[in-house]
Amino acid sequence: MHEVSIIEDPAAAEASLDPLRRQILADLVEPGSASTIAARLGIPRQKVNYHLKVLEQHGLVELVAERPRGNFTERMLQATSAAYVISPGTLGRIQPDPSRAPDRLSARWLLALASRLVRDVGTLLTGAQQARRPVATFAIEGRIRFASAADRAAFTEELSAAVTELVAKHHTDKQPGTAGTGKLNRLIIALHPAVPEDPARPASTTHLHSAAPATAASSGTTTPEPPTTEPPTSEPPTDRPPGAAGSAAQHR
């Protein structure tokens with residue numbers, strides 16, 4: 001079973017969104033049969049069988065064992081992944097396109113970038129799973145509190161300058177296929193107001209994740225931020241920060 005898998009087929013996405021099938025998928029993190037699921041959910045076994053066939057048809061569950069039960073053979077099934085992400089690519093031509101009106105201060109453009117990130121990494125992950133090899137990725141996630149809007153603006157300017165310098169230092173203009181030229185990589189850096197977390201969930205920490213070929217991996221943590229009683233800031237009328245200048249991203 002995979003930790004996370006991408007759903008790229010619209011029909012599979014539709015199948016996974018049925019409320020009962022979602023519940024069945026959640027139960028099948030551990031192997032189970034139509035009989036065990038029916039007993040757990042309190043519904044007829046025939047109904048569970050129907051939904052299991054649909055899920056199996058779309059590759060969301062798989063047969064892991066068979067065992068004799070009286071005059072029939074019980075099929076033990078398990079979800080192919082512990083969690084699923086539906087690729088924005090399932091929307092076809094109506095999926096977000098970050099090449100339209102790029103603007104680094106726009107929340108909608110950030111959403112379009114995130115959509116492409118999910119689609120592209122999902123495609124890479126699917127191919128890597130089939131080839132049984134890792135995908136070379138790197139991610140940092142954390143939280144930061146600014147004392148003022150001016151501090152936030154200063155931070156973004158410094159971050160932009162630092163990233164521009166790093167890209168200039170490590171990027172090569174050599175043509176693909178020539179000696180000393182590796183694969184083209186896409187870099188995305190995002191900053192947005194934190195969404196208040198469910199108080200029942202443990203506080204998050206800063207994580208660094210690196211998935212490079214073979215064994216390269218690194219991680220780090222910081223002290224979790226103490227719970228806050230500050231009310232969430234309401235979203236401004238537009239998707240841009242109040243008073244922000246219309247600065248479009250120069251590099252896509």
Side-chain angles (χ1 to χ4, degrees), residues 1-92 95 114-115 117-139 141 197-205 207 209-219:
M1 171 186 283
H2 300 297
E3 183 180 350
V4 181
S5 291
I6 191 83
I7 296 177
E8 298 176 299
D9 176 37
E14 181 181 3
S16 70
L17 291 174
D18 178 88
L20 180 55
R21 290 174 195 152
R22 293 205 310 267
Q23 196 168 5
I24 292 173
L25 281 172
D27 283 350
L28 286 180
V29 171
E30 299 293 337
S33 67
S35 298
T36 59
I37 295 172
R40 193 177 304 134
L41 300 181
I43 57 178
R45 180 171 59 86
Q46 291 80 1
K47 186 174 184 178
V48 174
N49 256 326
Y50 166 76
H51 289 292
L52 285 175
K53 288 179 181 178
V54 174
L55 293 172
E56 189 173 10
Q57 176 185 351
H58 292 292
L60 300 175
V61 302
E62 60 186 355
L63 181 67
V64 294
E66 290 183 325
R67 57 189 186 189
R69 287 286 185 182
N71 59 352
F72 73 97
T73 300
E74 185 177 42
R75 303 177 76 242
M76 300 298 293
L77 298 161
Q78 186 173 21
T80 53
S81 183
Y84 297 91
V85 176
I86 296 177
S87 171
T90 58
L91 296 173
Q95 66 181 298
S115 171
L117 174 68
V118 170
R119 184 197 66 196
D120 290 356
V121 174
T123 298
L124 291 168
L125 187 59
T126 297
Q129 288 174 349
Q130 294 172 350
R132 297 184 181 277
R133 66 172 187 266
V135 182
T137 62
F138 175 80
E141 187 271 341
E197 296 184 356
D198 183 346
R201 297 177 60 185
S204 62
T205 58
H207 300 284
H209 171 67
S210 162
T215 60
S218 63
S219 63

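All residue numbers refer to positions in the sequence shown, counting from 1. From a predicted model like this one, the values you see are computed outputs, not experimental measurements.
Without hydrogens or angle criteria, Tyr84 side chain to Ser16 main chain gives no donor-acceptor distance under 3.5 Å. The backbone N or O of Gly59 sits less than 3.5 Å from a side-chain atom of Thr80, completing a donor-acceptor pair.
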Under 3.5 Å donor-acceptor pairs involving side-chain atoms of residues 117-124, not counting sequence neighbours:
from: Arg119; atom 1: NH1; to: Gln95; atom 2: OE1; distance (Å): 3.2
from: Thr123; atom 1: OG1; to: Glu8; atom 2: OE2; distance (Å): 3.0
from: Thr123; atom 1: OG1; to: Arg119; atom 2: O; distance (Å): 3.0

What donor-acceptor contacts under 3.5 angstrom involve side-chain atoms of residues 22-29, with partners at least two apart or in another chain?
from: Arg22; atom 1: NH1; to: Leu17; atom 2: O; distance (Å): 2.7

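In this structure, the side-chain hydrogen bond (donor to acceptor under 3.5 Å, both in side chains) partners of Arg69, at least two apart in sequence or on a different chain, are Glu74. The side-chain contact (heavy atoms from CB on, under 4.5 Å) check on Ala15 picks up Arg21, Val54, His58, with sequence neighbours excluded. Shown here are the side-chain hydrogen bond (donor to acceptor under 3.5 Å, both in side chains) partners of Ser81, two or more places apart in sequence or in another chain: Ser5. Residues passing the side-chain contact (heavy atoms from CB on, under 4.5 Å) test with Val64 are Pro31, Glu62, Met76, Gln78, sequence neighbours excluded.
Taking CG from Leu77 and NZ from Lys53, the interatomic distance works out to 11.5 Å, rounded to the nearest 0.5 Å.
Nearest heavy atoms, Ile86 versus Ala13: CG2-CB, 3.9 Å.
With contacts defined as side-chain heavy-atom distances shorter than 4.5 Å, the pair Ile37/Leu52 qualifies.
Other residues, nucleotides and ligands contribute at most 12 non-hydrogen atoms within 6.0 Å of the CD atom of Glu14.
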